**Student:** 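Have a look at the structure that comes next, please.
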Amino acid sequence: MDQYFVDLHIHIGRTFSGKPVKITAAKSLTLTNILQTARFPKGLDIVGVIDCHSPEVIVEMKQLCEEGRLMEMEEGGFRFENEVTLLPGTEMEVLDESCSGPIHLLAFFPGFEQLEDFSSWLSKRVTNSQLSTQRVYEKAVNIQEKVKLLGGLFIPAHVFTPFKSLYGKGVKQSLTEVLNPELIDGIELGLSSNTIMADQIGELHRYTFVTNSDAHSLPKMAREYQLMTLEGPTFSAVKKALTGVDGNKIDENYGLNPFLGKYYRTACTRCLTLKEGDTCLTCGSEKFTKGVSERISELADEGIQNPLERPPYTHQVPLDFIPGLGAKTMDKLYSHFGTEMNILHRVSEDELKKVVNSELAGLIVKARAGELQLKQGGGGRYGKVAK
């Protein structure tokens, strides 16, 4: 058994020929660039790329296999240059008759056969199968059943964000309004919540929580991630980790302090001022985007106890949030210490001080331990590290 850093929610911006996939994602987010960036500078071991249903992305995967750079593994998943594992998946948007609003759902598949089967099935239920996160004209429970029939993993995405999520829009009170609870493999928390907040909802206690970046650019990869103990860097082992089978497990979740999330607090829809009353104190608007913290308070079960078996959740601040840590300094750190995961987890403060000044080294150490002072985010604006 070994430990692996895992980020299971990364978008593709463009195909290898330049066709758009995720319209709002960076053009540099091609599949090959993602896999190379995962290796260096990020230092990730396993990545879930959630636009692999797109036909031209499948073509790129096959080209990489023909070149010998990507290899489909017996235990599921694809190994890139024997250093990074790709778990191919898709993100979908669903608004069926049981939903109060649109929800985003993630599915992952072990190999080409299952991925191509699902891509073909999906193409008959979306307007454009080339693009990411398309509206699927199918009931959510039917999607769950299709994913499980193919041996895939099904995970509701960023479940508390105010737009296009399970609890943010999709249900009034319970996930059973929309989904079959028996066909869920994990719950993705999103950037504005953490384990303690989510565990106020009793129906979530049975599920493993995952923390992923939802990256729309290469630098945002590993903004949130998890450390897993696995029998190997494979689809099968990750699947087992989500249920704690055979010693496979999540050891620790690493995520933003919810204060840094864009939707932690309720804020004015027009000017993003945090809500202090029924009318915005800045612009006078009466329209607000409900924050994750307020929404979880609405859903919370009174007097419920948090499960004892959860792995630790570390409020780790990403390096690019740290004041004074610019591109040149990052390049200097990479040249000395290799990867972001090394800098955040393996390099001592004394070693850091040999490369950067004492103040910056101290900030990096505080960032990895979640000890920086923060200003709350809300309404679509990220929180900030307080100077």
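Numbers here simply count residues along the sequence, with the first being 1. Since the model is a prediction, treat every value here as computed from it, not as a measurement.
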**Student:** Sub-3.5 Å donor-acceptor pair from the side chain of Asn248 to the main-chain atoms of Lys239, do we have one?
**Tutor:**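 The answer is no, because no donor-acceptor pair under 3.5 Å joins these two groups.
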
**Student:** Out of curiosity, does Tyr207 fall in the hydrophobic cluster containing Val141 (side-chain heavy atoms, cut-off under 4.5 Å, transitive links)?
**Tutor:**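 No; Tyr207 is not reachable from Val141 via cluster members.
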
**Student:** Between Asp320 and Lys220 (salt bridge meaning N to carboxylate O under 4.0 Å), is one present in this structure?
**Tutor:**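 So Asp320 pairs with Lys220 through a salt bridge.
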
**Student:** Using a strict threshold of under 4.0 Å (side-chain N to carboxylate O), is an ion pair present between Lys275 and Glu294?
**Tutor:**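 Salt bridge between Glu294 and Lys275, a charged N being under 4.0 Å from a carboxylate O: no.
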
**Student:** Kindly check if the number of other-residue, nucleotide or ligand heavy atoms within 6.0 Å of CD (Glu67) is above 12?
**Tutor:**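 Enclosed: over 12 neighbouring heavy atoms sit under 6.0 Å from CD of Glu67.
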
**Student:** Between Phe16 and Leu70, is there shared hydrophobic-cluster membership here, with clusters defined by ILVMFWY side-chain heavy atoms closer than 4.5 Å?
**Tutor:**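 Each belongs to a different hydrophobic cluster.
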
**Student:** CD of Glu97: more than 12 outside heavy atoms within 6.0 angstrom?
**Tutor:**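 It does: Glu97 CD has more than 12 such atoms within range.
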
**Student:** How far apart are the C-alpha atoms of Val136 and Leu105, what are their side-chain angles, what is the distance that settles it, and do they pass the side chain to side chain contact (heavy atoms under 4.5 Å, CB included) test?
**Tutor:** CA-CA 10 Å; Val136 184; Leu105 306 169; over 6 Å; no

**Student:** Considering non-hydrogen atoms only, spot the tightest contact between Gly151 and Pro110 and give its length.
**Tutor:**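 Residues Gly151 and Pro110, closest heavy atoms: O-CD, 3.9 Å.
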
**Student:** Can you list the other members of the hydrophobic cluster that holds Val6, where links are side-chain heavy atoms under 4.5 angstrom apart?
**Tutor:**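 Val6 shares its hydrophobic cluster with Tyr4, Leu8, Ile46, Ile50, Leu87, Leu106, Phe108, Leu153, Ile155, Val210, Met228, Leu230, Phe235, Val238, Leu242, Ile250.
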
**Student:** Under 3.5 Å, sequence neighbours excluded: what are the donor-acceptor pairs made by side chains of residues 160-169?
**Tutor:**
unit_1: Thr161; atom_1: OG1; unit_2: His158; atom_2: O; d: 3.1
unit_1: Thr161; atom_1: OG1; unit_2: His158; atom_2: ND1; d: 3.1
unit_1: Thr161; atom_1: OG1; unit_2: Phe163; atom_2: O; d: 3.4
unit_1: Lys164; atom_1: NZ; unit_2: Glu93; atom_2: OE1; d: 3.4
unit_1: Ser165; atom_1: OG; unit_2: Val159; atom_2: O; d: 3.1
unit_1: Ser165; atom_1: OG; unit_2: Thr161; atom_2: N; d: 3.4
unit_1: Ser165; atom_1: OG; unit_2: Thr161; atom_2: O; d: 2.6
unit_1: Ser165; atom_1: OG; unit_2: Gly168; atom_2: N; d: 3.0
unit_1: Tyr167; atom_1: OH; unit_2: Glu203; atom_2: OE2; d: 2.6

**Student:** Counting N and O atoms only, with roles assigned by atom type, does the side chain of His9 sit under 3.5 Å from a partner on the main chain of Val47, one being a donor and the other an acceptor?
**Tutor:**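 Side chain of His9 to backbone of Val47: no pair is present.
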
**Student:** Is the closest basic N to carboxylate O distance between Glu182 and Arg206 below 4.0 Å?
**Tutor:**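 A salt bridge links Glu182 with Arg206.
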
**Student:** Mind listing the closest non-hydrogen atom pair of Leu29 and Ser217 along with its distance?
**Tutor:**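 Reported closest heavy-atom pair: CD1-N, 3.3 Å.
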
**Student:** Please check if atom CD in Glu359 has more than 12 non-hydrogen atoms from other residues, nucleotides or ligands closer than 6.0 Å.
**Tutor:**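 At most 12 heavy atoms, drawn from other residues, nucleotides or ligands, come within 6.0 Å of this atom.
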
**Student:** Please identify which of these residues, Arg346, Arg39, Lys42, meets the salt bridge (Lys or Arg N to Asp or Glu O under 4.0 Å) condition with Glu340.
**Tutor:**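 Testing Glu340 for a salt bridge (Lys or Arg N to Asp or Glu O under 4.0 Å) against Arg346, Arg39, Lys42 leaves exactly one candidate, Lys42.
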
**Student:** Please report the C-alpha distance between Leu333 and Met330 in whole Å, then the side-chain angles of each, then the deciding distance to 0.1 Å, and finally whether the side chain to side chain contact (heavy atoms under 4.5 Å, CB included) criterion is met.
**Tutor:** CA-CA 5 Å; Leu333 287 167; Met330 280 303 308; 4.2 Å; yes

**Student:** Apply side chain to side chain donor-acceptor pair (under 3.5 Å) to Ser98 and Asp96, showing your working.
**Tutor:** CA-CA 5 Å; Ser98 59; Asp96 64 28; 2.5 Å; yes

**Student:** Please determine whether residues Leu95 and Leu131 belong to a single hydrophobic cluster, defined as Ile, Leu, Val, Met, Phe, Trp and Tyr linked transitively by side-chain heavy-atom distances below 4.5 Å.
**Tutor:**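 Leu95 does not cluster with Leu131.
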
**Student:** Looking at Asn342 and Phe337, would you say the former's side chain and the latter's main chain have a donor-acceptor pair under 3.5 Å?
**Tutor:**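 Indeed, once roles are kept as given, a pair shorter than 3.5 Å links the two residues.
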
**Student:** Would you list the pairs meeting salt bridge (charged side-chain N to carboxylate O under 4.0 Å, His left out) in which at least one residue belongs to residues 6-27, sequence neighbours left out?
**Tutor:**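 Listed once each, the pairs are Lys19-Glu56.
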
**Student:** In terms of relative ring orientation, are Tyr225 and Phe5 parallel, tilted or perpendicular, with 30° and 60° separating the classes?
**Tutor:**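 Plane angle over 60°, so perpendicular.
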
**Student:** Would Lys240 and Glu75 pass as an ion pair if we require N to O under 4.0 Å?
**Tutor:**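 Looking at Glu75 together with Lys240, the answer is no, because their closest N to O distance does not fall below 4.0 Å.
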
**Student:** Say whether, by atom type as modelled, one donor and one acceptor occur between the side chain of His216 and the main chain of Ala26 under 3.5 angstrom.
**Tutor:**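 Side chain of His216 to backbone of Ala26: no pair is present.
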
**Student:** Please list all pairs passing the salt bridge (charged side-chain N to carboxylate O under 4.0 Å, His left out) test where one or both residues lie in residues 100-109, with sequence neighbours left out.
**Tutor:**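 Sorted result for residues 100-109: empty, none.
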
**Student:** Hey, could you give me each pair passing side-chain hydrogen bond (donor to acceptor under 3.5 Å, both in side chains) that has a residue in residues 142-154? Not counting sequence neighbours.
**Tutor:**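 Sorted pair list: Asp117-Lys146, Glu138-Asn142, Lys148-Asp185.
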
**Student:** With side chain to side chain donor-acceptor pair (under 3.5 Å) as the test, would you mind laying out the steps for Thr15 and Ser17 before giving the verdict?
**Tutor:** CA-CA 5 Å; Thr15 67; Ser17 71; 3.2 Å; yes

**Student:** Locate the shortest heavy-atom distance separating Val84 from Leu44; write the atom from each residue and the value.
**Tutor:**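 Looks like CG2-O, 3.8 Å.
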
**Student:** Using side chain to side chain contact (heavy atoms under 4.5 Å, CB included), reason through Glu116 and Phe109 one step at a time and then give a plain yes or no.
**Tutor:** CA-CA 9 Å; Glu116 290 184 288; Phe109 302 97; over 6 Å; no

**Student:** Any idea which heavy atoms bring Ile10 and Ser213 closest together, and the distance?
**Tutor:**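 Of all heavy-atom pairs spanning Ile10 and Ser213, the closest is CG1-OG, 4.0 Å.
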
**Student:** For Pro181 versus Leu175, what's the shortest heavy-atom pair and its separation?
**Tutor:**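 Looks like CB-CD1, 3.9 Å.
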
**Student:** Between the side chain of Ser297 and the main-chain N/O of Ser293, is any donor-acceptor distance below 3.5 Å?
**Tutor:**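 At least one qualifying donor-acceptor pair exists.
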
**Student:** Can any side-chain N or O of Ser129 pair as donor or acceptor with the backbone N or O of Ser123 at less than 3.5 Å?
**Tutor:**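 Between the backbone of Ser123 and the side chain of Ser129 there is no qualifying donor-acceptor contact (under 3.5 Å).
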
**Student:** Identify each donor-acceptor pair in which a side-chain atom of residues 278-288 lies under 3.5 Å from a protein atom, sequence neighbours left out, and give them as a table.
**Tutor:**
unit_1: Thr282; atom_1: OG1; unit_2: Thr273; atom_2: OG1; d: 2.9
unit_1: Ser285; atom_1: OG; unit_2: Lys287; atom_2: N; d: 3.1

**Student:** Please answer: with hydrophobic residues joined when any side-chain heavy atoms are less than 4.5 Å apart, are Leu149 and Leu183 in the same cluster?
**Tutor:**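 Shared cluster, no.
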
**Student:** Does a salt bridge link Lys354 with Glu351, judged by any charged N lying under 4.0 Å from a carboxylate O?
**Tutor:**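 Salt bridge between Lys354 and Glu351, a charged N being under 4.0 Å from a carboxylate O: no.
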
**Student:** What are the two closest non-hydrogen atoms of Leu319 and Leu325, and how far apart are they?
**Tutor:**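 Answer, listing the atom of Leu319 first, then Leu325: O-CD2, 3.4 Å.
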
**Student:** Within the supplied structure, the quantity of interest is the number of heavy atoms (other residues, nucleotides, ligands) at a distance under 6.0 Å from Glu113 CD; does it exceed 12?
**Tutor:**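 No - once you tally the heavy atoms of other residues, nucleotides and ligands closer than 6.0 Å, there are 12 at most.
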
